[in-house]
Amino acid sequence: MRNGVNVFSEIGPLKEVVVQCPGRELENFDIAKRDKYLMDGDIDYLEAIREHKAFVKILKKYAVRVYYFDRLFSYAWKKTELKYKKRFLHKFVEEAKVRKNHRRAVYNYLCTLIKNRHRVLIRKLIEGVTYHNIDLHRQGFVADPLDNIYFQRDTYSSIGNTVSIHRMKYHIRQRESLLSEFLFKFHPRFKRIKKVYSRNEKLAIEGGDIFPYNQQTLVVGVSERTSLNAILKLANNLKKSRSPYQQIVAINVPKAGRLMHLDTWLTMVDYDKFIYSPNAVKNFKFWIINIRAKKIVPELIKNATLKGVLKIIFGNRFKPILIPVGNNKNKFVVDRETKYDGTNYLVIRPGLVVGYDRNRETNKALKKAGVHVLAFRGDELSLGEGNARCMSMPIWRSNWGINE
């Protein structure tokens, strides 16, 4: 196992990645509360597991080392002193917004699992604590499950050799970043990494908006989940950490609740190729943020086009090729394949990507542009509103292939 993280590119050959297989946290999903749980529908969790296994199988076939978040967390848990475990559980119960008259019972129940049943404990943190677990004969959860945790992209991000731990916009996902914080604080591989954002910040920022394009430029979305002020805070933190990044390019995208991050509108898939949703074009707005400046402020790029901004980032190394979601077939196809994350591909190496087979016209457009798609079925997984990029967090990419 390598030490730390190394991600200076969206397209450098992927060596190591963190994922989380969905599980029973989806079994008791309440369709009436789908907005609260940020889901598009009731997911068949057994089928979702099969789909996720197919996704992981593709990664392994191409020599990507796959780590599961819960196993990494479990290892960190074993390496952590009891007092820190108890502090974590107190915080977990508090952030789960358990009713005050049940908090002690939930905490005590979780503490019974600390010593000899830590794997059960990890699963309960994810799957939720039921009233039956605390000896109350009622249906439902006293601490809600973490239904979105299979989207490992969002709660933390690898940025070069640093990591950001995120303040999530919605409360239902805040405990996911609490788990992420614990992992990066106590796991031997990760605990010495510089943290350039904290979940204790006041401003929300999420990983689906963060793109290391190369060793100089970080691209970040101004989206439904990430504000421009949060990006400025990240820029100041990068400066303080003496990060090699010189600038952030911030891109405004539509504030559509179910299409929540930049990676649902635009993703880099090759040296010179970018998949984008035509539905975002009228909303695109661009700022350059100079991280090295004495005073860090966003500078609006007037009359900018997407191609023009990409030329600013990469210079004259190539002419950007823009590939439209839905192959520009018609509005209905573009809308549907945008909704099911037709831009949200994970790059294994330049021009080789993995994503859902349901976005058929987008896959055709990529193939026509010379990008090879490793497609897998994701009919259930997609109901959680994310594709392969959302379900993965690269922690190591080879620096070969970076546009330096």
Side-chain angles (χ1 to χ4, degrees), residues 6-14 157-162 207-223 226 228 231 234-235 238-239 243-253 261-278 280-281 283-293 296 298-325 343-353 365-366 368-373 389 394 396-404:
N6 187 83
V7 181
F8 285 96
S9 170
E10 281 293 303
I11 63 168
L14 183 60
S157 290
S158 304
I159 302 176
N161 298 129
T162 66
D209 285 312
I210 296 176
F211 290 74
Y213 264 31
N214 55 35
Q215 290 181 313
Q216 292 82 40
T217 303
L218 191 67
V219 173
V220 186
V222 181
S223 71
T226 299
L228 186 57
I231 298 170
L234 174 62
L238 287 167
K239 181 180 180 179
S243 167
Y245 282 98
Q246 298 175 17
Q247 64 180 4
I248 293 176
V249 172
I251 303 179
N252 185 72
V253 294
H261 299 126
L262 176 61
D263 64 8
T264 57
W265 302 105
L266 172 70
T267 302
M268 186 178 187
V269 293
D270 202 344
Y271 296 109
D272 56 349
K273 299 180 182 74
F274 302 81
I275 181 82
Y276 78 102
S277 171
V281 172
N283 293 96
F284 280 147
K285 191 186 295 184
F286 309 90
W287 296 266
I288 287 184
I289 301 168
N290 183 355
I291 295 174
R292 303 292 177 84
I296 295 178
E299 296 181 18
L300 180 66
I301 308 173
K302 296 181 180 178
N303 303 315
T305 64
L306 178 55
K307 279 191 175 182
V309 169
L310 292 172
K311 286 181 179 179
I312 290 173
I313 295 173
F314 295 103
N316 295 317
R317 297 182 186 91
F318 55 78
K319 291 183 179 180
I321 297 170
L322 302 182
I323 305 166
V325 166
T343 65
N344 199 253
Y345 293 83
L346 173 66
V347 181
I348 294 179
R349 61 174 183 256
L352 180 67
V353 303
L366 286 163
K368 186 167 64 176
V371 176
H372 185 63
V373 180
R389 188 178 192 273
W396 203 278
R397 285 189 183 274
S398 169
N399 288 344
W400 175 82
I402 296 177
N403 295 291
E404 296 180 285

| said: Quick one, Phe314 and Tyr271 - any side-chain contact, counting heavy atoms below 4.5 Å? | reply: no
| Check against side-chain contact (heavy atoms from CB on, under 4.5 Å), Leu218 and Phe211 | CA-CA 6 Å; Leu218 191 67; Phe211 290 74; 5.9 Å; no
| Of all heavy-atom pairs between His261 and Thr264, which one has the smallest distance, and what is that distance? | O-OG1, 2.5 Å
| Under 3.5 Å, is there a donor-acceptor pair between the side chain of Asp209 and the main chain of Leu262? | yes
| task | With rounding to the nearest 0.5 Å, note down the distance linking CD in Gln247 to CD1 in Ile313. | result | 7.0 Å
| How many angstroms lie between atom NZ of Lys311 and atom NZ of Lys319, to the nearest 0.5 angstrom? | 7.0 Å
| Of all heavy-atom pairs between Ala365 and Pro324, which one has the smallest distance, and what is that distance? | CB-O, 3.9 Å
| query | Ignoring hydrogens and geometry, is there a side-chain-to-backbone donor-acceptor pair from Thr217 to Asn214 under 3.5 Å? | reply | no
| How long is the span from the OG atom in Ser223 to the CG atom in Asn283, to the nearest 0.5 Å? | 12.0 Å
| field | Minimum heavy-atom distance between Pro394 and Val7, given as atom pair plus value | value | O-CG2, 3.5 Å
| query | Is a side-chain N or O of Thr162 found less than 3.5 angstrom from the main chain of Ile159, in a donor-acceptor match? | reply | yes
| request: Under the side-chain contact (heavy atoms from CB on, under 4.5 Å) rule, what do Arg349 and Ile11 come out as? Steps first, then yes or no, please. | output: CA-CA 5 Å; Arg349 61 174 183 256; Ile11 63 168; over 6 Å; no
| Residues forming a side-chain contact (heavy atoms from CB on, under 4.5 Å) with Lys239, sequence neighbours excluded | Ile291, Ile296
| Should Leu310 and Tyr213 be marked as a side-chain contact (heavy atoms from CB on, under 4.5 Å) after you check the CA-CA gap, both sets of side-chain angles, and the distance that decides it? | CA-CA 10 Å; Leu310 292 172; Tyr213 264 31; 4.0 Å; yes
| Gap between atom OG of Ser9 and atom CE of Met268 - 0.5 Å precision | 6.0 Å
| message | Just to verify, what does Arg389 make a salt bridge (charged side-chain N to carboxylate O under 4.0 Å, His left out) with, not counting sequence neighbours? | response | Glu10, Asp263
| Listed by chain and number, what are the side-chain contact (heavy atoms from CB on, under 4.5 Å) partners of Ala304, not counting sequence neighbours? | Phe286, Ile301, Val309
| All side-chain hydrogen bond (donor to acceptor under 3.5 Å, both in side chains) counterparts of Thr267, not counting sequence neighbours | none
| request: Please examine the side chains of Leu352 and Val347, heavy atoms only from C-beta on, and report whether any two atoms are closer than 4.5 Å. | output: no
| request: State, yes or no, whether a side-chain contact exists between Phe8 and Pro244 at a heavy-atom distance under 4.5 Å. | output: yes
| task | Of all the heavy-atom pairs spanning Leu228 and Ala250, show the shortest one and how long it is. | result | CD1-CB, 4.0 Å
| message | List the residues meeting side-chain hydrogen bond (donor to acceptor under 3.5 Å, both in side chains) with Tyr345, not counting sequence neighbours, and say none if there are none. | response | Asn363
| task | For Asn6, enumerate each residue passing the side-chain hydrogen bond (donor to acceptor under 3.5 Å, both in side chains) test, keeping only those at least two apart in sequence or located in another chain. | result | Asn161, Asn399
| task | Would you mind reporting whether Leu266 and Leu306 have side-chain heavy atoms less than 4.5 Å apart? | result | yes
| said: My understanding is that only residues two or more places apart in sequence, or in another chain, count here; which of them pass side-chain contact (heavy atoms from CB on, under 4.5 Å) with Leu300? | reply: Lys285, Trp287
| request: Check whether any side-chain heavy atom of Arg397 sits under 4.5 Å from a side-chain heavy atom of Pro13, and report yes or no. | output: no
| Donor-acceptor under 3.5 Å (Thr343 side chain, Trp265 main chain) | yes
| note | Residue set satisfying ring-ring contact (aromatic ring centres under 6.0 Å, His included) with Tyr276, at least two apart, ordered chain then number -> none
| query | Once you round to the nearest 0.5 Å, how far does CD of Gln246 lie from CD of Gln216? | reply | 5.5 Å
| Partner set under side-chain contact (heavy atoms from CB on, under 4.5 Å) for Glu299, not counting sequence neighbours | none
| Does Lys302 have any side-chain hydrogen bond (donor to acceptor under 3.5 Å, both in side chains) partners at least two apart in sequence or in another chain, and if so, which? | none
| Between Asp270 and Asp272, is there a donor-acceptor pair closer than 3.5 Å when you use the side chain of the first and the backbone of the second? | no
| field | Residue pair Leu346, Leu14: steps toward the side-chain contact (heavy atoms from CB on, under 4.5 Å) verdict | value | CA-CA 9 Å; Leu346 173 66; Leu14 183 60; 4.0 Å; yes
| note | Here the pair of heavy atoms bringing Ile289 nearest to Pro298 is CG1-CA, 3.9 Å
| query | Side chains of Val353 and Ile348: closer than 4.5 Å at any heavy-atom pair? | reply | no
| task | Report yes if the side chains of Val249 and Ile312 come closer than 4.5 Å at any heavy-atom pair, otherwise no. | result | no
| query | Can you find a pair of side-chain heavy atoms, one from Val222 and one from Ile231, that are under 4.5 Å apart? | reply | yes
